[in-house]
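All figures in this text were calculated on a predicted structure; none of them were measured in a lab. One-based numbering along the sequence shown.
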Amino acid sequence: MGKVLSAKELKKAFLAGANQLNAKKDLINELNVFPVPDGDTGTNMTMTILSAAKEVAAIEEGSIKDICKAMSSGSLRGARGNSGVILSQLIRGFTKELSEAKEVDSLVLAKAFQRGVETAYKAVMKPKEGTILTVAKGMADKIMELSLTEEEILPLLEKVYAHGEEVLEHTPDLLPVLKEAGVVDSGGAGLMAVMDGALRSLRGEKIVLDLELKESGAVSALVGERKNRGEISTADIRFGYCTEFMVNGDHAFTDEEVDALRTYLTGIGDSIVCFSDEEMIKVHVHTNHPGDAFEKGLSMGYLSKMKVDNMRLEHHELLIEDASRIAAMDKLEEEKPAERKAFGFVAVCSGEGLENIFRDLGADQVVSGGQSMNPSTEDLVNAVEKINAEHIYILPNNKNIILAAEQVSSILEEQPITVLRSTTIPQGISALIAFQEEASPEENTENMTESLKAVSSGEITYAVRDTTIDGREIHSGDILFLGDNGLLSAEKDILSAVREALPKMGEGEILSLYYGEDVKAEDAEALVSEIQKDNPDLEIELQNGGQAVYYYLLSLE
């Protein structure tokens, strides 16, 4: 390790950083202030960086520019949750600076850190100090100061890392909620894990890479889609070979070329994912003739990252997880409407009942996700690409999905897209109800935004860890009632939580309840009956939402 960072060293350092974040994921999750079963910071950051790491790992003899492109593209498409999007933006700005340099010395690294921070701050509408942004900025300022006198890269980064740790330790002084919970910022801790892994690599330590996401027991329980593993019948597999590859060309592929390839693939298989990113097309298809898919790809350019799995022979755990992932993709792979229309909608929610509600209200595509698992930017891109409309609205319906949704426009630059900043399911429903076909995009954006702001939302779930919020002790297993601005009640049973929280939601005439998959209909009806006794003038609507983890979603209007 000297005064210049090589492409090989950059690749190994990035992969080691991703590896370390993956190893520390569960510890970082434990730092989350709100103890709800959610798409946690460590999980979101890890899934984001692993998306990039797999692209980087596939490069055998690449230049700095090649490595940077894979880091940027992979992290952007894989970005999940606010923390994951911010991490992807840090990587995006960092790699842009490196890509433009003839060689990477200490001064270029300092500029790259600064550019990464500038890019990340721009991505957040209201940057908050005491977060991952503060830690990143602290390190960027430090490396700029030190790069004027320190030419050796390893000693420089060692000092920057030490300063980053100091900044992380002081995040509770900037965010009272962190101090109250007795933790440092989880996103900042995730960033320092990446730095730690990178430094281990640059020191020459031997690192065994594991770039497959290892789900904790808690995460597996939240996802709840992997019961009966190993029980998939091979008789149900129509196309036996899971085939993946990248088509690489010497020009930016046109929409027509990608559409032609996609059309060909539909003739030889199913479960198709086919999209372009400048001079590359990513392909996934289930087919009985992988060679035909490869031949078609070869007619357009050269192939890389070729992979074929025989699903009839290898239906072990990893392939079952892949099948779950592909099944989710299948729901997005609907044909575009024959006629182009003025408006289209993508909504994010979890639960069959909620999905049906959004579709009935006009949503063209419903992306599975929400409280327990945040969809990636690429998931949302895939959904938008299936809609043939002049203007498309995205309803994230969760505050931790908004940033990922806002990155879609940077990938689909030609498609007019508006992200309505709905933070709850009730807000998304209200926004769709307010839509008017005859209005302009600007008018609809204004009307729908005003409509979602008029809704008071609530979510009833349970605590997954002990903590303190607003001076109130929370114990694992407590029933939590969350409002638009935080915790409204914490009790030992749902009815008590509702009785305390409902008056705090504000004034309203209609209360809507959407009960989850873990709630029996008769229990939901009994709850409505008790609420009605306490509030005889309130009109109450009960619907089956089918959402996981969250017992009830509520709206008051």
Side-chain angles (χ1 to χ4, degrees), residues 39 44 47-48 51 73 76-81 84-85 88 225 255 258-259 262 265-266 270-277 281-284 324-338 340-352 354-398 400-422 425 427-429 431-432 435 441 448 547:
N44 284 333
M47 295 180 77
T48 297
S51 173
S73 175
L76 176 60
R77 290 179 175 275
R80 296 173 187 268
V85 172
S88 77
E225 295 175 352
D255 291 341
V258 178
D259 287 342
R262 188 182 293 115
L265 294 173
T266 59
D270 64 8
S271 298
I272 296 162
V273 176
C274 180
F275 62 84
S276 65
D277 181 11
I281 302 177
K282 182 174 181 178
V283 175
H284 174 284
S324 298
R325 175 173 60 86
I326 299 307
M329 290 179 182
D330 287 344
K331 297 179 72 173
L332 300 178
E333 294 298 317
E334 298 175 1
E335 294 183 1
K336 292 182 179 180
R340 191 166 178 80
K341 58 182 184 177
F343 298 99
F345 293 92
V346 174
V348 181
C349 71
S350 171
E352 184 178 352
L354 293 176
E355 179 177 334
N356 291 336
I357 290 170
F358 276 106
R359 290 193 183 279
D360 289 343
L361 290 174
D364 301 275
Q365 294 288 325
V366 177
V367 177
S368 180
Q371 293 93 348
S372 59
M373 181 59 69
N374 303 140
S376 67
T377 294
E378 185 169 0
D379 292 333
L380 298 171
V381 167
N382 290 339
V384 169
E385 287 184 324
K386 300 300 164 265
I387 303 174
N388 190 6
E390 295 291 340
H391 196 102
I392 295 176
Y393 290 97
I394 301 178
L395 294 159
N397 302 330
N398 186 293
N400 209 28
I401 300 174
I402 291 175
L403 279 183
E406 290 177 339
Q407 307 312 306
V408 174
S409 292
S410 65
I411 297 174
L412 304 177
E413 296 178 354
E414 301 300 318
Q415 172 67 59
I417 296 170
T418 297
V419 177
L420 294 167
R421 297 175 66 83
S422 54
I425 292 294
Q427 286 184 358
I429 291 172
L432 269 179
F435 169 72
M448 295 166 77
Q547 70 273 6

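Using a distance-only test at 3.5 Å, with no hydrogens or angles considered, no donor-acceptor pair links the side chain of Q365 to the main chain of L380. No side-chain donor-acceptor contact under 3.5 Å links S350 to the backbone of Q547. A distance-only check finds a donor-acceptor pair linking the side chain of D379 to the backbone of S376 [under 3.5 Å]. At least one donor-acceptor pair under 3.5 Å links the side chain of R80 to the backbone N or O of N374. Of the possible donor and acceptor atoms, none in the side chain of E406 sits under 3.5 Å from a partner among the backbone N and O of I401.
Rounding to the nearest 0.5 Å places CZ of R77 at 4.5 Å from CD1 of I411. Separation of atoms CG (N398) and CD1 (I425) is listed at 8.0 Å; rounding is to 0.5 Å. With values rounded to the nearest 0.5 angstrom, L420 atom CG is found 11.0 Å from F435 atom CZ. In this structure, CG on N382 lies 9.0 Å from CG on L412, to the nearest 0.5 angstrom. Atom-to-atom distance recorded for E355:CD and D360:CG is 10.5 Å, nearest 0.5 angstrom. Atom CD1 of I417 sits about 11.5 Å away from atom CD of Q407, to the nearest 0.5 Å.
Between I394 and A405 the shortest heavy-atom distance is CG2-CB, 4.0 Å. Pairing each heavy atom of I387 with each of V346, the nearest pair is CD1-CG2, 3.5 Å. Taking all atoms of both residues into account, the shortest heavy-atom contact from A363 to A347 is CB-CB, 4.2 Å. Minimum interatomic distance between V366 and C349 (heavy atoms only, all atoms of both residues): CG1-SG, 3.5 Å.
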Pair I429-I357, side-chain contact (heavy atoms from CB on, under 4.5 Å): steps then yes or no: CA-CA 8 Å; I429 291 172; I357 290 170; 4.0 Å; yes
side-chain contact (heavy atoms from CB on, under 4.5 Å) between D364 and K341, worked out: CA-CA 11 Å; D364 301 275; K341 58 182 184 177; 2.2 Å; yes
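Proximity of L354 to N397: side-chain heavy atoms (C-beta onward) are nowhere separated by under 4.5 Å. Contact check for P441 versus T418: no side-chain heavy atoms found under the 4.5 Å cut-off.
The aromatic rings of F343 and Y393 sit parallel to each other, their planes meeting at less than 30°, with 60° as the upper class boundary.
For the ring pair (Phe, Tyr, Trp, His ring centres under 6.0 Å) test, no residue two or more places apart in sequence or in another chain qualifies with F358.
Identified under the salt bridge (charged side-chain N to carboxylate O under 4.0 Å, His left out) test for residues 407-418, with sequence neighbours left out: none.
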